Amino acid sequence: MKQHVKKKKSPLEKGKTVFLIVFLTIPVINFLVFWLYVNFESFLNAFRIEVYGDVVFSFDNWVYFWEEISGKNPFSTTPMLFRNTLKFFSLNLFAILPLSFFFSYFLYKKIRFYKYYRLIFFLPNIISAAVLATLYKFILNPSLGGIVPTIVELFGGEPINYLIDERYAMNAVLVYCLWTGFSVNMIIFNGAMGRVPYEVMEAAQIDGVGFWSEIGRIIIPMTWPTLSTIIVTTVANIFVSSGPILLLTQGDCDTSTIAYWIYLTTKNQLSIYYPSTVAFACTVVSVPLVLLVKKLVGLLWTDVSY
Amino acid sequence: MQVKTQKHKQNKYTVRKKILFAIVGVFLFLYSLTYIFMLGWALLSSFRDKLEFIREPLSWPQQWDFANYLDAFDVLEVGGNNLFAMIFNSLWYSVGGTFISIFFCNVTGYCICKYKFVGRNAFYNVAILIMLVPVVGAMPATYRLLDTLGMVNTPLYLLTMTGGMGFNFLLFYGFYSNVSWEYAEAVFIDGGGHFTVFLRVMLPQSMPMCFALGIVSFIGLWNDYNSTLLYLPDFPTLATGLYLFQYVPSIRADYPLYFAAIIMATIPVIVLYACFQEAIMTNSVAGGLKG
């Protein structure tokens with residue numbers, strides 16, 4: 001007759017279970033509450049409206065959203081929010097990222113004073129954005145003797161405060177982003193380039209590889225995991241990053257973005273349902289975009305082991 | 001003849017490369033000067049009298065006045081919180097947040113890396129997914145939830161940092177991948193359990209990494225103004241205060257005093273950066289990614 005022998009758990013196995021429960025319970029609860037529940041609630045809010053104090057299911061906010069972005073409402077600010085958001089995104093992806101990579105190559109090649117540049121260019125990552133934005137506002141302010149309007153006046157121009165002039169405010173914010181945006185990426189790329197084996201570079205130099213060939217055929221492929229990650233995360237943040245709007249203009253002079261508008265709605269405790277609708281629409285657009293970009297960057301170069 | 005042509009081409013290339021390096025060098029130098037100028041101007045202005053500043057904002061201080069640094073503690077105030085209160089808030093927010101987030105990332109990185117259990121792969125994949133999936137607009141729902149739970153405007157807000165996911169999780173995961181499990185086996189043979197392995201063997205080995213990541217995390221939280229403005233309005237930190245000071249009428253009339261506060265808020269992170277520059281830079285790089 002067969003006897004069923006129940007396998008007893010060893011004390012070590014039991015200890016392992018207790019250990020995992022003790023240390024993983026809080027992170028799992030955190031994920032379930034602050035990510036899963038919150039995002040599920042955000043999803044539901046996209047299909048809700050408040051009617052005389054009661055919250056009901058409705059597509060009204062989607063209809064309103066369509067009217068806002070399709071131009072039916074001539075006074076709508078939603079197209080402006082999307083336009084500004086795309087401006088920030090384009091600046092990050094097509095200007096800051098490639099320029100950071102290009103300049104970090106020179107740090108990697110140990111251009112004169114490269115150690116000093118590494119120190120200085122990392123400062124925006126160390127110093128509070130509130131400090132940098134405040135100083136930027138000062139240098140643009142003609143009533144405080146800001147150096148920028150002073151220089152403009154020297155060249156015969158009109159000394160204006162660009163941040164409070166509707167014609168130039170958005171561009172002034174973009175310039176600030178460009179000014180402070182190089183720092184982190186330059187250091188990240190510099191670190192990645194530093195891991196390219198010296199033998200590879202030496203062999204390339206012996207073969208007489210040119211400047212642009214070195215960048216295009218050696219540096220970019222060998223740093224592709226880092227570069228592609230930065231590209232994917234930049235695309236992922238298309239609707240999330242709001243730039244320094246809160247610090248520089250508080251959304252005045254048509255400088256607001258989607259993310260800043262959502263932040264303001266939350267801060268002022270206004271209705272959350274329409275912002276949730278807009279945010280959900282942005283998520284629906286950006287998720288497949290991120291997956292597509294991830295797929296594309298994976299096709300361009302294969303990972304190199306070294 | 002071919003050798004001459006090749007040499008000529010090489011020389012031409014070297015000259016072009018030198019010109020390019022020179023142009024980029026000049027640009028980088030001028031770009032770096034913008035930061036030096038801004039911070040230098042703020043530092044110099046912090047030693048000036050407010051009337052002197054209004055008359056000649058860009059000139060060298062005629063009299064070096066250190067009183068602004070002392071007056072800042074009396075005058076600068078937002079919502080009943082003076083600079084001392086803001087420094088205290090910055091400290092508990094930065095230190096508490098750093099400790100909690102680093103500890104939980106360390107723990108989850110270790111558990112997911114070293115143990116096989118149901119849900120292990122799901123946890124890892126979710127950690128990657130959270131970093132890649134761009135969820136927009138969770139802020140209103142998050143705020144409502146935290147408000148309902150009574151976590152807005154209290155230090156309990158730090159509990160939101162117990163997730164143990166994100167980039168630091170991946171760094172710790174990568175770290176523990178390279179730590180041999182033989183240490184644990186030796187502890188088991190000696191009669192120790194899993195808690196002993198982690199607390200007395202693995203955790204101490206991760207201390208250098210915890211320290212390096214902790215510095216980066218501390219600086220990030222010290223400079224965080226967005227979250228504190230929204231979730232801790234009655235506990236303004238230095239970063240929040242610097243933003244809010246601009247809108248206080250009495251402070252708007254005394255910019256040197258404001259600059260003194262800016263310099264004082266910046267000094268701790270500059271000192272940390274100066275002391276641990278390599279650790280900060282190394283751990284700010286997209287860690288774990290070769291090339």
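Quick caveat, the model's predicted, so the values are computed rather than measured. Chain naming here is simple, since letters A, B, ... match the order of the sequence lines and numbering starts at 1 in each.
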Would you call the rings of [X] and [Y] parallel, tilted or perpendicular, where under 30° means parallel and over 60° means perpendicular?
| X | Y | answer |
| --- | --- | --- |
| A:F113 | A:Y116 | perpendicular |
| B:F195 | A:F23 | tilted |
| A:F103 | B:F27 | parallel |
| B:Y115 | B:H194 | tilted |

So what's closer than 4.5 Å to chain B heavy atoms on [X]: side chain, backbone, both or neither?
| X | result |
| --- | --- |
| A:Y136 | both |
| A:F19 | both |
| A:T265 | neither |
| A:V22 | side chain |
| A:F40 | neither |
| A:V287 | both |
| A:Y263 | both |
| A:Y37 | side chain |
| A:L135 | both |

key: Minimal non-hydrogen separation, A:L247 against A:A133, with atom names   =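 Looks like CB-CB, 3.5 Å.
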
Max heavy-atom pair count under 4.5 Å with chain B, selected residue of [options]:
| options | result |
| --- | --- |
| A:T266, A:I147, A:I219, A:V278 | A:T266 |
| A:F280, A:F138, A:F182, A:Y114 | A:F138 |
| A:V290, A:N45, A:T134 | A:T134 |
| A:I26, A:I238, A:L44 | A:I26 |
| A:T150, A:V38, A:N185 | A:V38 |

For [X], is it the side chain, the backbone, both or neither that has a heavy atom under 4.5 Å from a heavy atom of chain A?
| X | result |
| --- | --- |
| B:F21 | both |
| B:W222 | neither |
| B:F218 | neither |
| B:F37 | side chain |
| B:L146 | side chain |
| B:I36 | side chain |
| B:T240 | neither |
| B:V197 | neither |

Just give me the residue among [options] that pairs up with chain A most often, heavy atom to heavy atom, under 4.5 Å.
| options | answer |
| --- | --- |
| B:S32, B:A138, B:G25, B:A239 | B:S32 |
| B:T108, B:L272, B:L28 | B:L28 |
| B:T162, B:I270, B:I219 | B:T162 |
| B:I130, B:V126, B:T142 | B:I130 |
| B:I262, B:L242, B:L230 | B:L230 |

ask   = Between the side chain of B:T228 and the main-chain N/O of B:P236, is any donor-acceptor distance below 3.5 Å?
value =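 Pair absent, no side-chain N/O of B:T228 close to backbone of B:P236.
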
query = Counting N and O atoms only, with roles assigned by atom type, does the side chain of B:R120 sit under 3.5 Å from a partner on the main chain of B:I112, one being a donor and the other an acceptor?
reply =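 Side chain of B:R120 to backbone of B:I112, a donor-acceptor pair under 3.5 Å: yes, one is there.
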
inquiry  = Check for me whether the distance between the ring centres of A:Y105 and A:F211 falls short of 6.0 Å.
reply    = yes

inquiry  = Between B:T34 and A:W179, do the side chains contain a donor N or O and an acceptor N or O under 3.5 Å apart?
reply    =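 Judged by distance alone, the side chains do pair up.
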
query = Is a side-chain donor-acceptor pair under 3.5 Å present for B:S227 with B:D224?
reply =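 The answer is yes; a qualifying pair exists.
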
request  = Given ring pair (Phe, Tyr, Trp, His ring centres under 6.0 Å), test A:Y117 with A:F106 step by step and report yes or no.
outcome  = CA-CA 10 Å; A:Y117 293 138; A:F106 288 90; over 10 Å; no

A:K109/A:E214 salt bridge by N-O under 4.0 Å criterion = yes

message = Using the rule given for side-chain contact (heavy atoms from CB on, under 4.5 Å), can you reason through A:F43 versus A:T283, listing the C-alpha separation, both sets of side-chain angles and the distance that settles it, and then say yes or no?
response = CA-CA 10 Å; A:F43 164 73; A:T283 306; over 6 Å; no

request  = Identify which one of A:L291, A:L289, A:I230 satisfies the side chain to side chain contact (heavy atoms under 4.5 Å, CB included) criterion when paired with A:V235.
outcome  =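 Testing A:V235 for a side chain to side chain contact (heavy atoms under 4.5 Å, CB included) against A:L291, A:L289, A:I230 leaves exactly one candidate, A:L289.
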
query = For the side chain to side chain contact (heavy atoms under 4.5 Å, CB included) test, which of B:V269, B:T266, B:L39 pairs with A:L123?
reply =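 Option passing the side chain to side chain contact (heavy atoms under 4.5 Å, CB included) with A:L123: B:L39.
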
key: NZ (A:K294) with more than 12 external heavy atoms under 6.0 Å   =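 Count not over threshold, so no.
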
